[in-house]
Amino acid sequence: SQTIHQWPATLVQPVGSPLSLECTVEGTSNPNLYWYRQAAGRGLQLLFYSVGIGQISSEVPQNLSASRPQDRQFILSSKKLLLSDSGFYLCAWSTNTGELFFGEGSRLTVL
Amino acid sequence: KNQVEQSPQSLIILEGKNCTLQCNYTVSPFSNLRWYKQDTGRGPVSLTIMTFSENTKSNGRYTATLDADTKQSSLHITASQLSDSASYICVVSGLNTDKLIFGTGTRLQVFP
């Protein structure tokens, strides 16, 4: 069966520090991969999605970047965090039917 | 503009009672509608996914309905349990696109 792992679960970082959130999927090959951000009282906002290794599409201009170095690995990064980067980040993957499966999320607090 | 609106924003019910959550959307052309359950601090988990031709779909005590003509969906929870306390998110997908439109969710609290 397919599983998705996302880490770290929680992270407290100072403003200006770098960020790396990792996500891996097991049990499937060539999945579509996504990074979402969820702010309190708002719907999930798509940040990046990838249909293959090295293929990244950005939905919203921001202080973040994404990379897909391997088929089932998706990384969300920042060189210098801003206060506004605080939030709950969710990695997800989808099947060829479009069904979406989410990771457990990463709570980022920027101080 | 493609939008998904959910109501109520929050809901409190007693254990054992039924409740219905609403989702209205303006996404067109429409492909499918999904309901997710999200426990606090966790990732959303899929409850149901419905296509244009489906009117009702059940998953245990959860029953989703879809009226594609009026662009409305509901999620009915029967005999609520404490573990039903969560946010319920409605997500709509348009045709010929992989973009998903997320509602802001309904926060359900079930008290004993």
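These numbers come from a predicted model, not from an experiment. Numbered from 1 within each chain, the chains take letters A, B, ... in sequence-line order.
- In this structure, no portion of B/Gln6 lies under 4.5 Å from any heavy atom of chain A.
- Other residues, nucleotides and ligands contribute at most 12 non-hydrogen atoms within 6.0 Å of the CD atom of B/Glu5.
- A/Phe74 and A/Leu108 end up in the same hydrophobic cluster when Ile, Leu, Val, Met, Phe, Trp and Tyr side chains are linked at under 4.5 Å.
- The cluster map of Ile, Leu, Val, Met, Phe, Trp and Tyr, joined by side-chain heavy atoms under 4.5 Å apart, puts B/Trp35 and B/Ile49 in different clusters.
- In the hydrophobic clustering of ILVMFWY residues, with side-chain heavy atoms under 4.5 Å counting as a link, A/Ile56 and A/Tyr34 come out apart.
- A pairwise comparison of heavy atoms in B/Gly43 and A/Leu90 identifies CA-CD2, 3.6 Å as the closest pair.
- Both the backbone and the side chain of A/Glu99 have a heavy atom closer than 4.5 Å to some heavy atom of chain B.
- Pairing each heavy atom of A/Phe88 with each of B/Arg42, the nearest pair is CE2-O, 3.6 Å.
- The structure places CG of A/Leu44 at 11.0 Å from OG1 of B/Thr104, a figure rounded to the nearest 0.5 Å.
- A/Leu100 is listed as a side-chain neighbour of B/Tyr36, based on a closest heavy-atom distance under 4.5 Å.
- Tracing side-chain contacts under 4.5 Å through hydrophobic residues (I, L, V, M, F, W, Y), one reaches B/Tyr88 starting from B/Ile101; they form part of the same cluster.
- Of the inter-residue distances, the one linking B/Leu100 atom CG with A/Tyr49 atom OH reads 11.0 Å to the nearest 0.5 angstrom.
- Taking hydrophobic clusters as Ile, Leu, Val, Met, Phe, Trp and Tyr residues chained together by side-chain heavy-atom distances below 4.5 Å, B/Leu95 does not share a cluster with B/Val92.
- Contact of B/Arg107 with chain A is not made at all, since no heavy-atom distance falls under 4.5 Å.
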